Amino acid sequence: MVLDISARNTIEDDELHEESYLDSEEENSEERDIKSPGSLNSLDVLCGLLHRSDMILQQQIVSKMSMCQFAVPLLLPSPDRQGCTFMLWSMRDIVKSWRPHSLINSKSSKEDSIVNVPMPVFSFVRLGTCSISKSQYLNQVLNPSQQNHNFFVHGNMPGGNLPRKHSDGLVEICWYLPAGYKELDAFLDPVAVMNLRGNIESNQEQFRFLISVSSGLFIFIEDINENQRNLLSMIQHKTNMFFILNVRDGEVNPENLKTLFEVLPRPNILVKNKHVNDSQVVRKIQSAMKMIFGKTKETLNLDQIATKATEFNIQIDENSPECRKAKDKAKEITDKIGNVNHYKKETMKLQGDLWKQMSKTEKEMCRMRELGDRDAEEYKSELQAKIVQLQEQQRRHSLTSGMLKFRKVLLSYPLWENKLFLKWLKILLDTKGRHHLRELDTEYQLKSMSLSPEHDLQKCDGSLGVEHFLRELGQFYEAELSKIQDHSLSENRIKMARLPEIVSDLLLDGFPLELIDGDASNIPLQWITDILTALHKKMGGQCSMRVITVLGVQSTGKSTLLNTMFGLQFPVASGRCTRGAFMTLIKVKENFQEELNCDFILVIDTEGLKSLELVSLENSYEHDNELATVIVGLSDITIVNMPMENAEEMKDILQIVVHAFLRMKGICKKSSCLFVHQNMSDVSAPVKNRMARQKFLQQLSEMAKVAARMENRSGINHFSDVINCDIEKDSWYIPGLWYGIPPMASVNSGYSETVSELRQSILGSLQSMDGKPQNFREFAEWIKSLWNAVKHEKFVFSFRNHLVTEAYNQLCIHYADWEWTFQKNIHKWMLETETLIYNLPYEKLGADFRKKQQNDINQVLDHEERAMNLCLEKYFESDFQNAHLLEMFRGDFFRSVNYLRKQLELVLRDNCQKTVRIQKEKSQIQQAQYIDRMEEKIAEMIERRRESKYVGNHNAHKEFEAMWEETVSTLRLSKLERRHVDHEILQQLQRDIGCDANVITEQFQNLHKYKHGGFFLESKHFSNDKSLKDFTASLIDKCNKYVEEVTRKKEDFNEFYSQELLLLINKGLRRRDFQDLQITKRFEFDLKLHIFRSAVFKFQKMHEVFIQRNDPRTCLEMLKPQYYSIFKNMYEKRDKCQRKAEQFCELCLKPAITDHINKYLGKEMLEDILQTRGPAEFKSRTRLQLVILEKLLRTNSLDQYVEYINDYELFVKKWISSYIAENYQDQGPIQEMQLKTLNSLMVKVKRTLNHSTLISSRNLNEFLVQFCKILEKELVISKNDLKVVLFQGKLNVKEFIKDVKWHLQYLQEKVQQEMTLMSLDSILSQLTMKPQEELFRKLIGCGKQCPFCKAPCEAGGAEHKEHFASLHRPRGLGQRVDESSNTLDHSICTTNVISNKSFHNKETDWKPHPYKDYKTHYPDWAISPDMAANASDYWKFVLKEFNDSFAQIYRTNPAKIPEDWYKITRHQALSSLRMALQ
C-alpha cells in the first residue's frame, strides 16, 4: 500500500482516454460514466474495500488516507444498511503534529494520536436534494490560504459524480490542524469536521448522533417539503446550528424562509444566491465555526465520541472480542509503565548495561585497542572470561512481569491475535513515549545552555517500542542457548524454543523486525539466525530473496520513501529516536517471481547517519561506519538518500558509504546503488544539474581514493572502480513529499509519481541483476560473517564466511576433478607418444619429427586447456553452489589452469626429449650387425646337420656352445664408454657455489670414506644459537629420496638429474625456515657436499648398470637361449609354425603387454582414488587438514604431531603411502584394474590379428612390420626379439596368425597369474606414474606455510595470489621461542594480527614490525582473525597437552599458557576443529 494522491480516482485510464473522443457527442459525462461497467463511485469503492479488509488492513488504509489528507470514514454503514460501525480502531494509528497559536512564541509544537486530541466537532449534512456541493465547500473551508486540496470527494472529481450505491450514510471526518502562521491558518486550534454522505431523511440515526457530538451543525438545504419541515421541528432552537440555503432560481422561496426562521434565528441562516459567491459562503462558514468555538469551548476526543456512539446503538470496531482481548493484554503491560527510562532499566535488564558491555567486550576482543603491554593471548582469555561472566549474569536474571505477559501472549495466541496485540502494544507504547519525550523536551528547553552527551543519551534511551520487548526476549533466548552450550540445560527444557518460529511468522506477514540493535550497536546473531532458519524451513528451503536497503542522513524521508515505494509499515514521525536497522519481507506475486528471479524482497530501513541526537556521543562515527558497512554488505541495491542537490553537506556520509562499497568490492559482493536527491522543487533539476552530477562523481572518485588508501587497496582511481554506477541513470530527483505547509499539506503528486518510477527502475534492476539470489539460511550466514568482519578493523582481511568457505571447498573439489581429467588425458597422450618413439628407428627422429611433436604437444594442451576453462566458465555462469560468492578467486583458478598447462608442457617436452634421447642412444649401440653375424653361423650349422642328415639331439648343446664361443671371439664387439660422474658433478658444484675448484676437489677426495657418514652441525654453520637439525634432516631425506627415485630408472645417468638435485637443495635453503636461522655460507657448502657425496656413488652405479645392460656382448648373451631353442627345435616333431607363434607370444608380446599394464596402472589407480573410491580429502586441502588433525587427536601421538608440524611434506607422503597400503593391500582392486587394462589390450591385439593387411602379408617379416605399425602407440616390442622370431621364419602367415590367436589365451592367463603373485611394493615400484607421488603433488599444493606458525596453505589451484590457512596455531609449536622469557611462544597469528604486538626476522632486518601490518613483508598471505572465541581451541589443547614434551624436544622452556587453556577438553578441541574446517 503506497502513498498516491490520485488513489481516489476510480475512472480507469482507458475510460478517460475514451471520453476525449466522445466530447463532441451529445451524451453527457454522467450518462457515459453510468454506462461504463468499470466505473464506480470513489466512496463506494472505499466502503467495499473496508468491508472486505481485516482490522489491521483497515487501520493501514485509513492511516494512508490521513497521510494523503483525505477525509477518513468515521461511521461506516453496513452493506445491508441496517446499521453502521464507528471506526475508532482504524484511526488509532493516525498521529498528527501541529502548532496552536498559543505556542507560537515558544516555537514548540504538539504531537499526538488524533484519537486522543480533544477538539470542537463541526458536522455538515444535507437535507433533501441540493445543487451545490457540500463537500466542495468543506474543502474550501479547510484549505489554508493559497492551497487547494480535495479533502472530501465531490462531484467535480473523477469518479465523484457517479451515483453512490453503497456509501449513503457514510460519515467522514477530517481535521484542520494549525501550522502556527497567523496569515495562513484558517483556525487557531485543531478542529474536527464531519461530513454525512446522503440525505439526513434516510440517515436519521447518523444525524441524531452528529447532533449529540457536534459543537456546530451546518445543514445544506434547497427546497423544503412537508416531511422535511417535520424533521426540522425536531431540532429547532439549536443555537449552534446553521442553514446554508441555496437559492437556485435567483429568488428566495418565502415558504422556505418562513420554515427556517421558525427553527433558527436569522443570523444562523446563510443564503447562497447569485449575489453571493462561493468564497463569501466559505468565509461565513469559517466565521460561524470560529464564533461557535469562541462561545462554547466544548471539545471532545474520538474516545469520548465513541462512548456517545454506543448510546445510539452504533457498533465500535474496537469492541470486537479479539480487539478488546488484545487491548486488555497490551494494557496489562503498559499500565505498569511510569517513567520509561526507569521501566526499561528495571524490566529489560538483559538489553541494558549487560548487553552493551558484552557488545563492547566482543569488539575489544576483535580489536584489542586496550591491550597495552599485556600478553595478547592472556588478554584475549581475560576478555573471553568477561564475556562468560556477563552471560552468567544474564542467565541469573528472570523475566519480569511485563516480559512474562508479553511472552505468554506470543506463545499462546494465534498469529492474527498476535498481530492485533502487537499493534495495540505499539499504539499504547507510542503514546507513553510521546508523553515521556514531551517531558524531556521541556527539560531540554529549560537546560538548553548546559546540554551534555548524557542528556542526548537519555533522550535516545527514552524511546520504548515493541522492538525493545522482542529484543529482550531475544537476549533471554540467547542466554538459554548459552546454557545448552555449557551443558547446564538440556535442549528439551528450553522455554523459548518456539519463539523464532513465531517471530518468523510475523516477519513473513510484514512485521518489521529489528536487525541491528542501535542502542548497543550490535546484532543478536543467534536470535536473528534462528528466526531466519525457521523461515527457511517454513518455506521448504527453496525460497530466494533480494535485498534493498536505504542509507542517508537522519530525518530525510528514508522510511517514508520505502513505505511509499513498497507500502510498508516502517515507523515515521513517531516522536521516538529510532536506532539501528529494521527489516521487512515483501512476498513477490507468483506471476512475477520468475521475472524478478526471487520469491521475496527484503527491505532494510536504517537509522539516520550523523544523527543530531547521537553526534555528541562517543564513537558515533564508528557506529555509522559499522552500520553502513553491514547494510551495504547485505544489500543487492542500496539507495543513498540525499536531502539536497549539493553534496557538500553529505560529504561525511558519502565517505562512509563509499568506504562500505569499497569493502564489499574487496570480498566481491556485487551490488548496485542509486542516489536519490529529495526535495527537488524545480522540474528542470535533472537537466540543470548535469554539471553538478559530474562534480558529484568527481567527489565520489576522490572519496574512493581516500578509502582505498585507508584500506591499503591499489588500482582504485575512480568511483566506477568500486561499484558499477551510471551517475546519469542512477541519479534520481524527487520532489518534496508535501504539497503546501504541514500539517495541512497534502502529498505531492509529483512525489508519488517519481517514487513509482523509481520503484519500477529498481524492479528492472532486480530483473537484470547478476548473481544468484540468496535463500534465508544463506542470508543469515552472510549477516553473521559481515558482522564478525565489521567488528575487526581490517575488514577485507577479516572477512570469512561459511557460505564462501563451503562454496570455495566445492569449487576446489570440482577443480580437482577437472585438473585430473586434464592430467589424465595428457598422461595418456604422453604414454602413446613415448611408445611411438620407442618404435621409431633412429633416422626418423630428426628435426622434422621434433617439429611435428612440438605442434602435437601444443594442440593437445590447447584442447585440454580450453576444455578446463570452459568447465570453469560454466561453473561460474551457472552459479553452481554459490559460485557467485567466489568472484575474488575467479582469476586465481583461471591462472592455475594456465599454470597447469605450462607445467604439463614442460613435462611433455622433457619426457619426449628424454625418450628420443634414450631411443637414439639405443639405436647408436651397434647390436644388429653382431646379431646378423651370429644368425649366419647358426644357420650354417643347421644347414650342415640337415645336409649330413644328422638325426637326434646328441651333443647338440655342446656343438652349439662351441659355435657360439667361436663366433663371439671373431666379432669385434665395441664397448660403451664409461663416464666419470663425479667429475661432471664437481664442475656443476663449482659453478653453483662459486669457489675454487681445488677446494671442492679436496673435499671430494676419498669419497668412499664419507659415503656412509652423517652430517654433523658445527658452530661455524650458524650465526645464532637455534638448531638446524630438523631442517637439515628433512632436506637431506628429501634429496636422498629423489636420488633413489632417479636411480631406479633403467636409463643412463644424465647431468639433468644432478642439476635437479642441486635445484632441490637451493630451493630448500631458500625456505623461510632456513632464512630465519641465519645460516652461513659454510653450512650451505658443507650440506651440498654431504648430499652429493652420497648421490655421486648412486649416479655412478646407475651409469654402470646401464652400460652393462646395453653392452653388445651382454645383449647377445641375452638372446643366446632363444637361438639355442631354435637350434634344438629342429629335431622336435612339433609344427614349426606353432613354435614360432609361441615364441612370438612369449618373447615379444608378453613383456610388451606387461610393460603396457605397468604404464597405465598408475593412471587407473589415481582414477580409482580420485573418482571412485577415494575420500573427499584428496580433492580439498581444507578437508585434508580436517581428516589428518582429527586422526592426530584420536591417536594422541606426540611424535606424529612433531612430524606434522615440522616436516609437513614428509608427513603427508607417509599419510598417502599409508592410505594406499591400507586400501590396496589385498590387491583385489589393483587386480581388477590390471585385468581391465589387460582385457582392453588383448581386444586390440586380437582385432589387429584380424586386420586385412596382416592376413594378406606375403611373409612373416611383412606381417611383423605391419603388426608393430598398427600397435605402435600401444606396445613396445624389442627389435632384437623380433629378429629372433624372424630367424628361420619361412612359414605360412595365415597359419601363424591362427596359432598366435590360440596361444594368446594361454598368454593372457599366464600374465594374469604372474600379476596375482606380485606384492604391492613390487607393483608400485614398476609403475610409470606413481600414484603416491601424484597425490602428494595435488595435496601439498603450493607447499607454502604460514610465516609465523607454519600452518600449511589450503588455497586451491596452483597459481593463487594469496595463501591462507583456516586454522593457525601457537607459534611455539613451530619452534618459535619467546625471547623475553626463553619459553615456547604461545601467541597465535590470528590474535597477533589484531593486536599491537610486533615481530622481527630476516625480512624485517631483525627490526620490530607490527603484526597488523604483516602484509608489508608477506603480501601474498591472508591471515584472518578468529571469527569465534573458541576457533583455535584445537591447537591450544595440543600445546596444553604436550607443553613440556615440545619444550624438551625443542630444547627450551615450556610455554606460559593462559589458565583457561587448561580447561579445554578433547571434545571442545574436536568441536573447534570441525567448526573451523568443516
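As a basis for the values below, the full set of heavy atoms in this structure was taken, side chains included, without hydrogen atoms, waters or symmetry mates. The shown structure was predicted, so the numbers you read here are calculated from the model rather than taken from an experiment.
- If you look at Tyr1057 and Phe1099, their ring centroids are not closer than 6.0 Å.
- The side chain to side chain donor-acceptor pair (under 3.5 Å) test with Trp820 is passed by exactly one of Glu1334, Gln1171, Glu1167: Glu1167.
- In this structure, the side chain of Lys1330 engages the main chain of Ser1325 through a donor-acceptor pair within 3.5 Å.
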Begin with the C-alpha distance, continue with both residues' side-chain angles, and end with the deciding distance and a verdict on side-chain contact (heavy atoms from CB on, under 4.5 Å) for Asp856 and Trp829.
CA-CA 10 Å; Asp856 292 344; Trp829 183 91; 3.6 Å; yes
Should Phe1267 and Ile1297 be marked as a side-chain contact (heavy atoms from CB on, under 4.5 Å) after you check the CA-CA gap, both sets of side-chain angles, and the distance that decides it?
CA-CA 11 Å; Phe1267 181 87; Ile1297 293 174; over 6 Å; no
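- Lys1338 has a carboxylate O that lies under 4.0 Å from a charged side-chain N of Glu819, or vice versa, which qualifies the two as a salt bridge.
- Taking every heavy atom of both residues into account, Asn869 and Val897 meet most closely at OD1-CG1, 3.5 Å.
- Atoms CG and CD, on Leu1324 and Glu1333 in that order, are 10.0 Å from each other to the nearest 0.5 Å.
- Side-chain contact check for Asn1040 and Glu1044: no donor-acceptor pair (N or O, by modelled atom type) lies under 3.5 Å.
- The closest donor-acceptor contact from the side chain of Ser1218 to the backbone of Lys1214 lies at 3.5 Å or more, if one exists at all.
- The line from CG of Asn1292 to CG of Asn1259 is 11.5 Å long, rounded to the nearest 0.5 Å.
- For the atom pair NZ (Lys1150) and NZ (Lys1310), the distance works out to 5.5 Å, reported to the nearest 0.5 Å.
- Contact check for Met1318 versus Gln1326: side-chain heavy atoms found under the 4.5 Å cut-off.
- The main-chain N or O of Glu1142 is never found under 3.5 Å from a side-chain atom of Asp1299 such that the two would form a donor-acceptor pair.
- In plain terms, the two heavy atoms of Glu1295 and Cys1137 that are nearest each other are C-SG, 3.5 Å.
- Here the CG-CD distance, from Asp1155 to Glu1274, works out to 12.0 Å after rounding to the nearest 0.5 Å.
- Between the Gln1100 side chain and the Val981 main chain, a donor and an acceptor come within less than 3.5 Å of each other.
- Nearest heavy-atom pair, Phe1053 versus Ser1058, reported as atom, atom and distance to 0.1 Å: CZ-OG, 3.9 Å.
- Of the charged side-chain nitrogens involved, none lies within less than 4.0 Å of a carboxylate oxygen, so that Asp848 and Lys852 do not count as a salt-bridged pair.
- Rounded to the nearest 0.5 Å, atoms CG (Leu1304) and CG (Leu1149) are 6.5 Å apart.
- Of the possible donor and acceptor atoms, none in the side chain of Asp1168 sits under 3.5 Å from a partner among the backbone N and O of Glu1164.
- Between Leu1170 and Lys1179 the shortest heavy-atom distance is O-CE, 2.7 Å.
- Minimum interatomic distance between Met1102 and Thr1047 (heavy atoms only, all atoms of both residues): SD-CA, 3.9 Å.
- Classification of the Phe1178-Trp1215 ring pair by plane angle, with boundaries at 30° and 60°, yields tilted.
- Taken to the nearest 0.5 Å, the CG atom of Asn858 stands 14.5 Å off from the NE2 atom of His863.
- Between Lys828 and Glu832 there is a salt bridge, since a side-chain N of the basic residue sits under 4.0 Å from a carboxylate O of the acidic one.
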Evaluate Leu1327 against Met1165 for side-chain contact (heavy atoms from CB on, under 4.5 Å), listing each step before the verdict.
CA-CA 10 Å; Leu1327 300 183; Met1165 288 183 68; 3.9 Å; yes
Determine, step by step, whether Val1276 and Lys1159 satisfy the side-chain contact (heavy atoms from CB on, under 4.5 Å) criterion, reporting the C-alpha distance in whole Å, the side-chain angles of both residues, the deciding distance to 0.1 Å, and the verdict.
CA-CA 11 Å; Val1276 179; Lys1159 284 181 178 178; 4.0 Å; yes
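- For the 3.5 Å distance criterion, the side chains of Thr1316 and Gln1312 fail to qualify, holding no donor opposite an acceptor.
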Please tabulate, one pair per line, all N/O donor-acceptor pairs under 3.5 Å involving side-chain atoms of residues 900-907, not counting sequence neighbours.
from   : atom 1 : to     : atom 2 : distance (Å)
Arg901 : NE     : Asp862 : OD1    : 3.4
Arg901 : NE     : Glu865 : OE1    : 2.9
Arg901 : NH1    : Glu905 : OE1    : 2.9
Arg901 : NH2    : Asp862 : OD1    : 2.4
Lys902 : NZ     : Asn898 : OD1    : 3.4
Glu905 : OE2    : Arg909 : NH2    : 2.7

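- Residue Leu1282 comes nearest to Cys1148 through the heavy atom pair CD2-SG, 3.8 Å, listed as atom of the first residue, atom of the second, then distance.
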